[in-house]
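Note on naming: letters A, B, ... go to the chains in the order of the sequence lines (proteins, then strands), and numbering restarts at 1 for each one.
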Amino acid sequence: MLDIKTIRENPELIKKVLIQRLMELDVDRIVALDREKRTLLTEAEELKHTRNEVSREIGVLKKSGEDATGRVEEMKAVSTKIRLLDEMLRKLTSELDELLSRVPNLPQADVPVGPDMRAGKVVRAGGEKREFDFPTQNHLALGETLGVLDFKRAAKVAGSNFALYRGPGALLERGLINFMLDLHTVEKGYTEISPPFFSNRECMHGTGQLPLLEDDMYHLKRDDFFLIPTGEVPITNLHRGEILEEADLPVRYAGYTPCFRREAGSYGKETRGLLRIHQFDKVELVRLVKPEDSASAHEELLADAEDVVKRLGLPYRIILLPTGEMSFASARCYDIEVWAPGQKEWLEVSSVSNFEDFQARRANIRYRDGEGKINFVHTLNGSGLALPRIVVAILENYQEKDGTVTVPEVLRPYLRGLEKIS
RNA sequence: GGAGGGGUGGCUGAGUGGCUGAAAGCGCUGGUCUUGAAAACCAGUGUACCCGCAAGGGUACCGUGGGUUCAAAUCCCACCCCCUCCGCCA
(Lines give C-alpha, C1' and ligand atoms only; values in the text may rest on other atoms or scores of the structure.)
Protein backbone atom coordinates (compact mmCIF):
# COMPACT_ATOMS: atom_id res chain seq x y z
CA MET A 1 0.00 0.00 0.00
CA LEU A 2 1.16 3.47 -0.79
CA ASP A 3 0.70 6.39 1.52
CA ILE A 4 -2.53 8.08 0.47
CA LYS A 5 -0.61 11.36 0.61
CA THR A 6 1.67 10.16 -2.18
CA ILE A 7 -1.34 9.50 -4.36
CA ARG A 8 -3.07 12.71 -3.35
CA GLU A 9 -0.03 14.74 -4.28
CA ASN A 10 1.12 12.85 -7.41
CA PRO A 11 -1.88 11.31 -9.17
CA GLU A 12 -0.15 11.67 -12.54
CA LEU A 13 2.86 9.68 -11.34
CA ILE A 14 0.56 6.87 -10.23
CA LYS A 15 -1.16 6.85 -13.61
CA LYS A 16 2.19 6.61 -15.35
CA VAL A 17 3.28 3.72 -13.14
CA LEU A 18 0.01 1.88 -13.77
CA ILE A 19 0.70 2.02 -17.49
CA GLN A 20 4.28 0.83 -16.98
CA ARG A 21 3.01 -2.06 -14.92
CA LEU A 22 0.25 -2.94 -17.40
CA MET A 23 -2.47 -2.27 -14.85
CA GLU A 24 -5.69 -0.33 -14.87
CA LEU A 25 -7.20 1.60 -12.02
CA ASP A 26 -9.29 4.74 -11.64
CA VAL A 27 -6.83 7.07 -9.93
CA ASP A 28 -9.09 10.10 -10.26
CA ARG A 29 -11.76 8.21 -8.38
CA ILE A 30 -9.29 7.60 -5.55
CA VAL A 31 -8.37 11.27 -5.36
CA ALA A 32 -12.03 12.28 -5.40
CA LEU A 33 -13.01 9.77 -2.73
CA ASP A 34 -10.13 10.90 -0.57
CA ARG A 35 -11.18 14.52 -0.81
CA GLU A 36 -14.80 13.71 -0.09
CA LYS A 37 -13.84 11.52 2.81
CA ARG A 38 -11.85 14.26 4.49
CA THR A 39 -14.67 16.74 4.11
CA LEU A 40 -17.14 14.35 5.71
CA LEU A 41 -14.66 13.36 8.35
CA THR A 42 -14.10 16.93 9.43
CA GLU A 43 -17.83 17.49 9.62
CA ALA A 44 -18.42 14.31 11.61
CA GLU A 45 -15.59 15.05 14.00
CA GLU A 46 -16.91 18.52 14.73
CA LEU A 47 -20.31 17.06 15.55
CA LYS A 48 -18.70 14.45 17.76
CA HIS A 49 -16.88 17.20 19.55
CA THR A 50 -20.17 18.93 20.25
CA ARG A 51 -21.73 15.71 21.40
CA ASN A 52 -18.85 14.95 23.74
CA GLU A 53 -19.06 18.37 25.33
CA VAL A 54 -22.80 18.45 25.73
CA SER A 55 -22.96 14.87 26.98
CA ARG A 56 -20.52 15.87 29.66
CA GLU A 57 -22.78 18.77 30.55
CA ILE A 58 -25.78 16.47 30.73
CA GLY A 59 -23.90 14.29 33.15
CA VAL A 60 -23.19 17.27 35.37
CA LEU A 61 -26.78 18.50 35.20
CA LYS A 62 -28.20 15.10 36.08
CA LYS A 63 -25.84 14.65 38.95
CA SER A 64 -27.02 17.92 40.48
CA GLY A 65 -30.62 16.86 39.94
CA GLU A 66 -31.41 19.41 37.26
CA ASP A 67 -33.50 18.82 34.18
CA ALA A 68 -31.54 17.99 31.05
CA THR A 69 -34.34 17.01 28.72
CA GLY A 70 -33.77 19.88 26.31
CA ARG A 71 -30.09 19.10 25.87
CA VAL A 72 -30.79 15.39 25.52
CA GLU A 73 -33.30 16.09 22.77
CA GLU A 74 -30.75 18.31 21.06
CA MET A 75 -28.14 15.59 21.19
CA LYS A 76 -30.55 13.00 19.87
CA ALA A 77 -30.68 15.03 16.68
CA VAL A 78 -26.91 15.44 16.63
CA SER A 79 -26.39 11.72 17.17
CA THR A 80 -28.72 10.89 14.32
CA LYS A 81 -26.73 13.17 12.07
CA ILE A 82 -23.48 11.58 13.23
CA ARG A 83 -24.84 8.14 12.54
CA LEU A 84 -25.72 9.23 9.04
CA LEU A 85 -22.31 10.72 8.39
CA ASP A 86 -20.56 7.69 9.84
CA GLU A 87 -22.55 5.43 7.57
CA MET A 88 -21.58 7.52 4.55
CA LEU A 89 -17.98 7.51 5.70
CA ARG A 90 -18.00 3.79 6.15
CA LYS A 91 -19.18 3.19 2.59
CA LEU A 92 -16.80 5.73 1.19
CA THR A 93 -13.85 4.41 3.15
CA SER A 94 -14.48 0.86 2.15
CA GLU A 95 -14.56 1.81 -1.52
CA LEU A 96 -11.45 3.91 -1.07
CA ASP A 97 -9.58 1.15 0.79
CA GLU A 98 -10.57 -1.36 -1.84
CA LEU A 99 -9.13 0.85 -4.56
CA LEU A 100 -6.06 1.75 -2.54
CA SER A 101 -5.28 -1.89 -1.92
CA ARG A 102 -5.07 -2.32 -5.69
CA VAL A 103 -2.50 0.41 -6.29
CA PRO A 104 0.85 -1.24 -7.02
CA ASN A 105 4.18 -0.20 -5.58
CA LEU A 106 6.28 2.43 -7.33
CA PRO A 107 9.29 1.04 -9.20
CA GLN A 108 12.70 2.35 -8.18
CA ALA A 109 14.48 4.73 -10.51
CA ASP A 110 16.77 2.16 -12.16
CA VAL A 111 14.05 -0.37 -12.95
CA PRO A 112 13.89 -0.82 -16.73
CA VAL A 113 10.60 0.32 -18.21
CA GLY A 114 8.99 -2.24 -20.47
CA PRO A 115 6.15 -4.72 -20.72
CA ASP A 116 7.97 -8.04 -20.80
CA MET A 117 11.21 -9.93 -20.23
CA ARG A 118 12.77 -8.54 -23.39
CA ALA A 119 13.04 -5.27 -21.49
CA GLY A 120 14.78 -6.96 -18.58
CA LYS A 121 18.42 -6.24 -17.95
CA VAL A 122 20.88 -9.10 -17.53
CA VAL A 123 22.95 -7.98 -14.57
CA ARG A 124 25.44 -10.81 -14.54
CA ALA A 125 25.79 -14.49 -15.28
CA GLY A 126 27.75 -17.33 -13.80
CA GLY A 127 28.58 -21.00 -14.28
CA GLU A 128 29.49 -22.61 -17.56
CA LYS A 129 27.04 -24.09 -20.00
CA ARG A 130 28.28 -27.62 -20.44
CA GLU A 131 29.17 -28.97 -23.89
CA PHE A 132 27.41 -32.29 -24.39
CA ASP A 133 28.85 -34.88 -26.78
CA PHE A 134 25.57 -36.77 -26.82
CA PRO A 135 21.94 -35.81 -27.37
CA THR A 136 20.51 -34.42 -24.12
CA GLN A 137 17.27 -35.57 -22.60
CA ASN A 138 14.85 -33.38 -20.72
CA HIS A 139 13.90 -33.98 -17.11
CA LEU A 140 10.70 -35.76 -18.02
CA ALA A 141 12.54 -38.47 -19.92
CA LEU A 142 15.33 -38.67 -17.37
CA GLY A 143 12.95 -38.74 -14.44
CA GLU A 144 10.85 -41.47 -15.95
CA THR A 145 13.76 -43.67 -17.03
CA LEU A 146 15.43 -43.35 -13.66
CA GLY A 147 12.14 -43.88 -11.86
CA VAL A 148 12.56 -40.80 -9.70
CA LEU A 149 9.59 -38.81 -11.02
CA ASP A 150 6.08 -40.18 -11.42
CA PHE A 151 3.54 -37.71 -12.74
CA LYS A 152 0.96 -40.36 -13.63
CA ARG A 153 0.62 -41.48 -10.07
CA ALA A 154 0.75 -37.92 -8.76
CA ALA A 155 -2.30 -37.30 -10.94
CA LYS A 156 -3.93 -40.41 -9.53
CA VAL A 157 -3.41 -39.15 -6.00
CA ALA A 158 -4.29 -35.50 -6.58
CA GLY A 159 -4.69 -34.34 -10.16
CA SER A 160 -2.76 -33.02 -13.10
CA ASN A 161 0.23 -30.81 -12.53
CA PHE A 162 1.22 -32.35 -9.26
CA ALA A 163 4.58 -33.99 -8.70
CA LEU A 164 5.62 -37.21 -7.07
CA TYR A 165 9.25 -37.96 -6.29
CA ARG A 166 10.40 -41.49 -5.71
CA GLY A 167 13.45 -43.03 -4.10
CA PRO A 168 16.57 -41.00 -4.94
CA GLY A 169 14.27 -38.32 -6.37
CA ALA A 170 12.59 -37.85 -3.01
CA LEU A 171 15.97 -37.97 -1.34
CA LEU A 172 17.24 -35.28 -3.69
CA GLU A 173 14.28 -33.06 -2.83
CA ARG A 174 14.82 -33.48 0.89
CA GLY A 175 18.59 -33.09 0.55
CA LEU A 176 18.22 -29.86 -1.38
CA ILE A 177 16.02 -28.38 1.32
CA ASN A 178 18.53 -29.25 4.01
CA PHE A 179 21.46 -28.05 1.95
CA MET A 180 19.84 -24.68 1.39
CA LEU A 181 18.67 -24.24 4.96
CA ASP A 182 22.09 -25.12 6.33
CA LEU A 183 23.78 -22.71 3.96
CA HIS A 184 21.54 -19.81 4.95
CA THR A 185 21.38 -20.47 8.68
CA VAL A 186 24.87 -21.74 9.43
CA GLU A 187 26.86 -19.61 7.00
CA LYS A 188 24.74 -16.56 6.36
CA GLY A 189 23.26 -16.07 9.80
CA TYR A 190 19.56 -16.34 9.03
CA THR A 191 17.25 -17.59 11.76
CA GLU A 192 15.30 -20.63 10.67
CA ILE A 193 11.53 -20.44 10.77
CA SER A 194 9.13 -23.29 10.26
CA PRO A 195 5.76 -21.55 10.00
CA PRO A 196 2.17 -22.69 9.50
CA PHE A 197 1.39 -23.56 5.90
CA PHE A 198 -2.03 -21.95 6.18
CA SER A 199 -2.51 -18.28 6.57
CA ASN A 200 -5.45 -16.05 7.22
CA ARG A 201 -6.87 -13.27 5.10
CA GLU A 202 -5.08 -10.47 6.94
CA CYS A 203 -1.68 -11.97 6.21
CA MET A 204 -2.53 -12.51 2.57
CA HIS A 205 -3.48 -8.91 2.37
CA GLY A 206 -0.43 -7.83 4.32
CA THR A 207 2.11 -9.14 1.84
CA GLY A 208 -0.02 -8.10 -1.13
CA GLN A 209 -1.32 -11.43 -2.49
CA LEU A 210 -4.83 -10.16 -1.84
CA PRO A 211 -6.93 -8.76 -3.31
CA LEU A 212 -5.42 -9.23 -6.78
CA LEU A 213 -4.40 -12.88 -6.72
CA GLU A 214 -7.31 -14.45 -4.87
CA ASP A 215 -8.19 -16.66 -7.83
CA ASP A 216 -4.72 -18.14 -7.78
CA MET A 217 -4.97 -19.31 -4.17
CA TYR A 218 -6.28 -22.45 -2.61
CA HIS A 219 -8.87 -21.32 -0.13
CA LEU A 220 -10.41 -23.27 2.73
CA LYS A 221 -13.85 -21.78 2.76
CA ARG A 222 -15.03 -23.14 6.04
CA ASP A 223 -12.18 -21.57 8.01
CA ASP A 224 -11.33 -18.75 5.62
CA PHE A 225 -7.73 -19.98 5.48
CA PHE A 226 -5.49 -19.88 2.45
CA LEU A 227 -2.84 -22.45 1.63
CA ILE A 228 0.28 -20.35 1.44
CA PRO A 229 1.45 -19.59 -2.11
CA THR A 230 4.93 -18.81 -0.75
CA GLY A 231 6.75 -18.80 2.58
CA GLU A 232 6.94 -15.04 2.21
CA VAL A 233 3.38 -14.78 3.50
CA PRO A 234 3.69 -16.37 6.94
CA ILE A 235 7.29 -15.32 7.49
CA THR A 236 6.92 -11.63 6.62
CA ASN A 237 3.70 -11.48 8.61
CA LEU A 238 5.38 -12.81 11.76
CA HIS A 239 5.75 -9.24 12.94
CA ARG A 240 2.46 -7.93 11.61
CA GLY A 241 1.12 -5.13 13.79
CA GLU A 242 4.29 -4.90 15.84
CA ILE A 243 6.59 -2.03 16.67
CA LEU A 244 10.12 -3.40 16.69
CA GLU A 245 13.03 -1.76 18.45
CA GLU A 246 15.82 -0.47 16.26
CA ALA A 247 18.16 -2.95 17.95
CA ASP A 248 15.99 -5.84 16.67
CA LEU A 249 16.82 -4.88 13.09
CA PRO A 250 17.80 -6.25 10.72
CA VAL A 251 15.56 -9.30 11.06
CA ARG A 252 16.72 -12.17 8.86
CA TYR A 253 14.65 -15.31 8.48
CA ALA A 254 15.02 -18.40 6.37
CA GLY A 255 12.30 -21.00 6.17
CA TYR A 256 11.27 -24.05 4.24
CA THR A 257 7.65 -24.31 3.19
CA PRO A 258 5.66 -26.00 0.49
CA CYS A 259 3.90 -23.51 -1.78
CA PHE A 260 0.42 -23.97 -3.19
CA ARG A 261 -0.79 -22.28 -6.34
CA ARG A 262 -3.82 -22.93 -8.48
CA GLU A 263 -2.01 -21.56 -11.53
CA ALA A 264 -5.39 -20.79 -13.05
CA GLY A 265 -5.12 -20.14 -16.75
CA SER A 266 -1.79 -21.88 -17.25
CA TYR A 267 -1.68 -24.56 -19.86
CA GLY A 268 0.39 -26.16 -22.57
CA LYS A 269 4.01 -26.97 -22.88
CA GLU A 270 5.13 -24.67 -20.12
CA THR A 271 3.17 -26.67 -17.60
CA ARG A 272 4.64 -30.06 -18.44
CA GLY A 273 6.61 -31.94 -15.85
CA LEU A 274 8.03 -30.00 -12.96
CA LEU A 275 7.96 -26.57 -14.55
CA ARG A 276 4.68 -25.34 -13.17
CA ILE A 277 2.98 -27.41 -10.50
CA HIS A 278 0.32 -26.78 -7.90
CA GLN A 279 2.49 -27.73 -4.96
CA PHE A 280 6.21 -27.18 -4.76
CA ASP A 281 8.87 -26.82 -2.12
CA LYS A 282 10.80 -23.64 -1.51
CA VAL A 283 13.29 -22.20 0.92
CA GLU A 284 12.46 -18.57 1.42
CA LEU A 285 14.60 -15.73 2.75
CA VAL A 286 12.99 -12.70 4.40
CA ARG A 287 14.54 -9.55 5.78
CA LEU A 288 13.09 -6.64 7.72
CA VAL A 289 15.44 -3.68 7.69
CA LYS A 290 15.66 0.05 8.30
CA PRO A 291 14.69 2.04 5.22
CA GLU A 292 18.20 3.32 4.65
CA ASP A 293 19.50 -0.27 4.55
CA SER A 294 17.10 -1.80 2.09
CA ALA A 295 19.10 -1.13 -1.07
CA SER A 296 22.20 -2.87 0.27
CA ALA A 297 20.08 -5.61 1.85
CA HIS A 298 18.59 -6.27 -1.58
CA GLU A 299 22.06 -6.89 -3.05
CA GLU A 300 23.03 -9.13 -0.12
CA LEU A 301 19.84 -11.11 -0.42
CA LEU A 302 20.50 -11.63 -4.10
CA ALA A 303 24.04 -12.78 -3.33
CA ASP A 304 22.72 -15.25 -0.74
CA ALA A 305 20.31 -16.79 -3.23
CA GLU A 306 22.94 -16.70 -5.99
CA ASP A 307 25.32 -18.61 -3.78
CA VAL A 308 22.99 -21.60 -3.87
CA VAL A 309 23.05 -21.93 -7.66
CA LYS A 310 26.77 -21.26 -7.68
CA ARG A 311 27.51 -24.06 -5.27
CA LEU A 312 25.25 -26.40 -7.17
CA GLY A 313 27.42 -25.63 -10.20
CA LEU A 314 24.50 -24.60 -12.39
CA PRO A 315 24.81 -22.10 -15.24
CA TYR A 316 22.72 -19.08 -14.29
CA ARG A 317 22.00 -15.49 -15.04
CA ILE A 318 20.51 -12.64 -13.05
CA ILE A 319 17.95 -10.33 -14.54
CA LEU A 320 16.72 -7.00 -13.24
CA LEU A 321 13.02 -7.23 -14.05
CA PRO A 322 11.28 -4.56 -16.07
CA THR A 323 8.21 -2.74 -14.79
CA GLY A 324 5.76 -4.99 -16.62
CA GLU A 325 7.13 -8.18 -15.06
CA MET A 326 7.44 -7.11 -11.44
CA SER A 327 4.99 -8.39 -8.88
CA PHE A 328 2.41 -6.00 -7.52
CA ALA A 329 4.12 -5.22 -4.21
CA SER A 330 7.68 -5.02 -5.48
CA ALA A 331 9.68 -1.84 -5.99
CA ARG A 332 12.64 -3.62 -7.54
CA CYS A 333 13.16 -7.27 -8.34
CA TYR A 334 15.87 -9.61 -9.57
CA ASP A 335 15.15 -12.99 -11.06
CA ILE A 336 17.71 -15.74 -10.99
CA GLU A 337 17.41 -18.12 -13.92
CA VAL A 338 19.22 -21.40 -14.41
CA TRP A 339 19.96 -23.05 -17.73
CA ALA A 340 18.17 -26.29 -18.50
CA PRO A 341 19.98 -27.95 -21.42
CA GLY A 342 17.29 -30.60 -21.92
CA GLN A 343 14.50 -28.08 -22.09
CA LYS A 344 16.88 -25.69 -23.83
CA GLU A 345 15.60 -22.75 -21.85
CA TRP A 346 16.28 -20.54 -18.86
CA LEU A 347 14.16 -21.35 -15.83
CA GLU A 348 13.26 -18.87 -13.13
CA VAL A 349 14.27 -20.31 -9.78
CA SER A 350 14.26 -17.21 -7.60
CA SER A 351 12.72 -13.79 -7.35
CA VAL A 352 14.50 -11.42 -5.03
CA SER A 353 12.45 -8.35 -4.22
CA ASN A 354 12.67 -5.12 -2.31
CA PHE A 355 9.19 -4.01 -1.25
CA GLU A 356 10.39 -0.92 0.61
CA ASP A 357 7.57 0.06 2.99
CA PHE A 358 4.77 -1.23 0.75
CA GLN A 359 4.16 -4.46 2.66
CA ALA A 360 5.09 -2.90 6.00
CA ARG A 361 2.36 -0.33 5.50
CA ARG A 362 -0.20 -3.03 4.73
CA ALA A 363 0.90 -5.32 7.50
CA ASN A 364 1.66 -2.43 9.87
CA ILE A 365 5.20 -3.49 10.70
CA ARG A 366 7.09 -0.60 12.28
CA TYR A 367 10.16 0.15 14.34
CA ARG A 368 11.20 2.79 16.83
CA ASP A 369 14.41 4.57 15.87
CA GLY A 370 17.10 5.98 18.14
CA GLU A 371 15.16 9.18 18.65
CA GLY A 372 11.98 7.33 19.55
CA LYS A 373 10.35 8.07 16.22
CA ILE A 374 8.19 5.35 14.72
CA ASN A 375 8.66 4.40 11.07
CA PHE A 376 7.71 1.60 8.77
CA VAL A 377 10.40 -1.02 8.20
CA HIS A 378 11.38 -2.09 4.71
CA THR A 379 10.70 -5.69 3.81
CA LEU A 380 12.56 -7.87 1.34
CA ASN A 381 12.40 -11.45 0.34
CA GLY A 382 13.94 -13.90 -2.05
CA SER A 383 13.58 -17.51 -2.92
CA GLY A 384 16.65 -19.33 -1.84
CA LEU A 385 15.53 -21.33 -3.89
CA ALA A 386 12.44 -22.85 -5.44
CA LEU A 387 13.06 -26.57 -5.73
CA PRO A 388 11.34 -28.21 -8.71
CA ARG A 389 13.15 -26.25 -11.37
CA ILE A 390 16.41 -26.81 -9.54
CA VAL A 391 15.68 -30.52 -9.73
CA VAL A 392 15.06 -30.06 -13.46
CA ALA A 393 18.34 -28.21 -13.83
CA ILE A 394 20.30 -30.78 -11.86
CA LEU A 395 18.86 -33.72 -13.79
CA GLU A 396 19.49 -32.04 -17.13
CA ASN A 397 22.89 -30.47 -16.45
CA TYR A 398 24.36 -33.48 -14.68
CA GLN A 399 23.04 -36.14 -17.04
CA GLU A 400 25.49 -38.61 -18.50
CA LYS A 401 25.60 -40.46 -21.81
CA ASP A 402 24.36 -43.66 -20.18
CA GLY A 403 21.23 -41.92 -18.86
CA THR A 404 22.42 -41.65 -15.27
CA VAL A 405 22.73 -38.40 -13.35
CA THR A 406 25.74 -37.38 -11.30
CA VAL A 407 24.94 -35.87 -7.93
CA PRO A 408 26.54 -32.41 -7.48
CA GLU A 409 29.31 -32.71 -4.94
CA VAL A 410 27.90 -30.26 -2.40
CA LEU A 411 24.73 -32.32 -2.19
CA ARG A 412 26.32 -35.70 -1.55
CA PRO A 413 26.55 -35.27 2.23
CA TYR A 414 22.82 -34.61 2.16
CA LEU A 415 22.12 -37.68 0.03
CA ARG A 416 23.86 -40.20 2.24
CA GLY A 417 26.95 -39.95 0.04
CA LEU A 418 25.07 -40.88 -3.13
CA GLU A 419 27.23 -40.02 -6.15
CA LYS A 420 25.05 -41.11 -9.00
CA ILE A 421 21.34 -41.52 -9.63
CA SER A 422 20.96 -44.59 -11.81
C1' G B 1 -16.54 -30.63 19.47
C1' G B 2 -18.52 -29.64 24.93
C1' A B 3 -18.13 -26.85 29.83
C1' G B 4 -15.86 -22.92 32.50
C1' G B 5 -12.41 -18.64 32.99
C1' G B 6 -10.05 -14.61 30.59
C1' G B 7 -8.34 -10.67 26.70
C1' U B 8 -7.15 -2.89 29.43
C1' G B 9 -1.00 1.27 27.67
C1' G B 10 6.32 -1.55 27.22
C1' C B 11 4.96 -5.00 31.64
C1' U B 12 1.87 -6.13 36.20
C1' G B 13 -2.86 -4.56 37.20
C1' A B 14 -7.41 -1.20 38.88
C1' G B 15 -11.66 0.24 36.70
C1' U B 16 -19.56 -2.41 35.76
C1' G B 17 -22.73 3.83 32.20
C1' G B 18 -20.95 10.34 32.76
C1' C B 19 -15.29 15.15 34.09
C1' U B 20 -11.30 7.93 32.32
C1' G B 21 -6.70 8.15 27.13
C1' A B 22 -7.72 5.43 31.30
C1' A B 23 -5.68 4.70 38.91
C1' A B 24 -1.43 2.45 41.11
C1' G B 25 3.15 0.01 40.74
C1' C B 26 7.21 -1.49 37.66
C1' G B 27 10.07 -0.09 33.49
C1' C B 28 12.04 3.88 30.46
C1' U B 29 13.80 9.28 29.62
C1' G B 30 15.40 13.94 31.71
C1' G B 31 16.57 16.69 36.15
C1' U B 32 17.99 17.53 41.55
C1' C B 33 21.31 15.41 45.04
C1' U B 34 26.42 12.71 44.84
C1' U B 35 33.62 12.50 43.72
C1' G B 36 30.92 8.56 40.75
C1' A B 37 26.98 5.13 41.20
C1' A B 38 22.80 3.50 43.95
C1' A B 39 18.82 5.24 46.85
C1' A B 40 15.54 9.27 47.44
C1' C B 41 12.90 13.26 45.32
C1' C B 42 10.82 16.14 40.97
C1' A B 43 9.12 16.09 35.91
C1' G B 44 7.98 13.51 31.52
C1' U B 45 6.65 8.91 29.09
C1' G B 46 0.75 5.31 23.59
C1' U B 47 -0.81 5.15 18.37
C1' A B 48 -3.38 6.74 14.07
C1' C B 49 -6.05 10.23 11.50
C1' C B 50 -8.40 15.21 10.45
C1' C B 51 -8.22 20.81 10.41
C1' G B 52 -4.20 24.53 10.45
C1' C B 53 1.57 28.16 7.26
C1' A B 54 2.34 27.63 12.33
C1' A B 55 1.10 27.94 17.31
C1' G B 56 -2.49 24.94 18.32
C1' G B 57 -7.23 22.48 18.11
C1' G B 58 -10.14 18.06 17.31
C1' U B 59 -11.60 12.79 16.55
C1' A B 60 -10.86 7.63 17.19
C1' C B 61 -8.74 3.44 19.62
C1' C B 62 -9.34 -0.80 26.47
C1' G B 63 -9.20 -8.56 21.37
C1' U B 64 -12.37 -7.66 16.41
C1' G B 65 -17.05 -6.20 14.24
C1' G B 66 -22.01 -4.64 15.07
C1' G B 67 -25.91 -2.70 18.48
C1' U B 68 -28.40 0.07 22.80
C1' U B 69 -27.81 5.23 24.90
C1' C B 70 -27.65 12.29 25.07
C1' A B 71 -23.15 9.52 26.77
C1' A B 72 -19.84 2.79 26.47
C1' A B 73 -13.43 0.07 28.64
C1' U B 74 -18.09 -0.47 31.48
C1' C B 75 -24.71 -2.91 28.94
C1' C B 76 -26.38 -6.40 24.56
C1' C B 77 -25.14 -9.67 20.11
C1' A B 78 -21.67 -12.21 16.88
C1' C B 79 -16.81 -13.63 15.96
C1' C B 80 -11.38 -14.28 17.05
C1' C B 81 -7.47 -15.51 20.40
C1' C B 82 -5.44 -17.43 25.19
C1' C B 83 -5.94 -20.62 29.74
C1' U B 84 -8.26 -24.97 32.58
C1' C B 85 -11.14 -29.47 32.39
C1' C B 86 -13.72 -33.26 29.27
C1' G B 87 -13.90 -35.64 24.40
C1' C B 88 -11.01 -36.88 20.00
C1' C B 89 -6.21 -37.66 18.08
C1' A B 90 -0.58 -37.72 15.03
Chemist: Please state the C1' separation for the pair B:U68 and B:C19 - nearest whole angstrom.
Modeler: 23 Å
Chemist: Return yes if some donor-acceptor pair links the side-chain N/O of A:Arg21 with the main-chain N/O of A:Ser327 below 3.5 Å, else return no.
Modeler: yes
Chemist: Which value, in whole Å, describes the distance between the P atoms of nucleotides B:C82 and B:C77?
Modeler: 23 Å
Chemist: Would you mind classifying the nucleic acid contact of A:Val78 as base, sugar-phosphate or nothing, using non-hydrogen atoms under 4.0 angstrom?
Modeler: nothing
Chemist: Give me the distance, rounded to whole Å, that separates B:U8 from B:A73 when you measure between the P atoms they each carry.
Modeler: 16 Å
Chemist: Have a look at A:Arg8 and say if it touches a base, only the backbone sugar-phosphate, or nothing, with a 4.0 Å heavy-atom cut-off.
Modeler: sugar-phosphate
Chemist: For the aromatic rings, using the six-membered ring if either is Trp, is the centroid distance between A:Phe328 and A:Phe358 under 6.0 Å?
Modeler: yes
Chemist: Look at the side chain of A:Arg83 and decide which nucleotide, out of B:U59, B:U68, B:A60, has an atom nearest to it.
Modeler: B:U68
Chemist: Is there side-chain contact between A:Ile7 and A:Asp34, with heavy atoms separated by less than 4.5 Å?
Modeler: no
Chemist: How is A:Arg38 classified with respect to the nucleic acid when contacts are heavy atoms under 4.0 Å: base, sugar-phosphate, or nothing?
Modeler: sugar-phosphate
Chemist: Using the P atom as the point on both nucleotides, what is the distance between B:A72 and B:G63, in whole Å?
Modeler: 16 Å
Chemist: Does A:Arg51 use its side chain to pair, donor to acceptor, with the backbone of A:Met75 at less than 3.5 Å?
Modeler: no
Chemist: Touch check for A:Leu41, heavy atoms < 4.0 angstrom, all strands: base, sugar-phosphate only, or nothing?
Modeler: sugar-phosphate
Chemist: Could you tell me how far apart A:Asn52 (CG) and B:G58 (P) are, to the nearest whole angstrom?
Modeler: 10 Å
Chemist: Just the dot-bracket of RNA chain B, please: which string comes out with Watson-Crick or G-U pairs under 3.5 Å, [ ] for crossing, | for another strand?
Modeler: ((((((((.[[[..)..(.....]]]((((((.......))))))((((((....)))))).[[[[[..)....]]]]])))))))....
Chemist: Under a 3.5 Å distance rule, please check whether A:Asn52 uses its side chain to pair with a backbone N or O of A:Ser55 as donor and acceptor.
Modeler: no
Chemist: Choosing from B:A48, B:C50, B:C19, which nucleotide comes nearest the side chain of A:Arg366?
Modeler: B:A48
Chemist: Please state the C1' separation for the pair B:G31 and B:G57 - nearest whole angstrom.
Modeler: 30 Å
Chemist: What interatomic distance, in whole Å, is found between P of B:G46 and the corresponding atom of B:G7?
Modeler: 24 Å
Chemist: The criterion is side chain to side chain donor-acceptor pair (under 3.5 Å); which residues satisfy it with A:Glu36, sequence neighbours excluded?
Modeler: none
Chemist: Would you mind reading off the distance between A:Asn375 atom CG and B:A48 atom C1', rounded to a whole angstrom?
Modeler: 14 Å
Chemist: What's A:Ile243 touching, base or sugar-phosphate or nothing? Going by heavy atoms closer than 4.0 Å.
Modeler: nothing
Chemist: Find the distance A:Ile374:CD1 to B:A48:P and express it as a whole number of Å.
Modeler: 5 Å
Chemist: Just compare B:C70, B:G67, B:U47 and give me whichever is closest to any side-chain atom of A:Arg90.
Modeler: B:G67
Chemist: For the side chain of A:Lys5, counting heavy atoms from C-beta on, which of B:C50, B:C70, B:U47 is nearest?
Modeler: B:C50
Chemist: What integer number of Å spans the P atoms of B:A39 and B:G65?
Modeler: 42 Å
Chemist: Are the side chain of A:His278 and the backbone N or O of A:Arg262 linked by a donor-acceptor pair below 3.5 Å?
Modeler: yes
Chemist: For A:Leu40 and B:U59, what is the distance between atoms CG and P respectively, to the nearest whole Å?
Modeler: 18 Å
Chemist: Between B:C86 and B:U29, how far apart are the two P atoms, rounded to whole Å?
Modeler: 47 Å
Chemist: Compare the minimum distances between each of B:C70, B:A60, B:U47 and the side chain of A:Lys48, then state the nucleotide with the smallest one.
Modeler: B:A60
Chemist: Tell me whether A:Glu173 contacts the main-chain N or O of A:Tyr165 through its side chain, where contact means a donor paired with an acceptor under 3.5 Å.
Modeler: no
Chemist: To the nearest angstrom, how far is A:His49 atom NE2 from B:U59 atom P?
Modeler: 5 Å
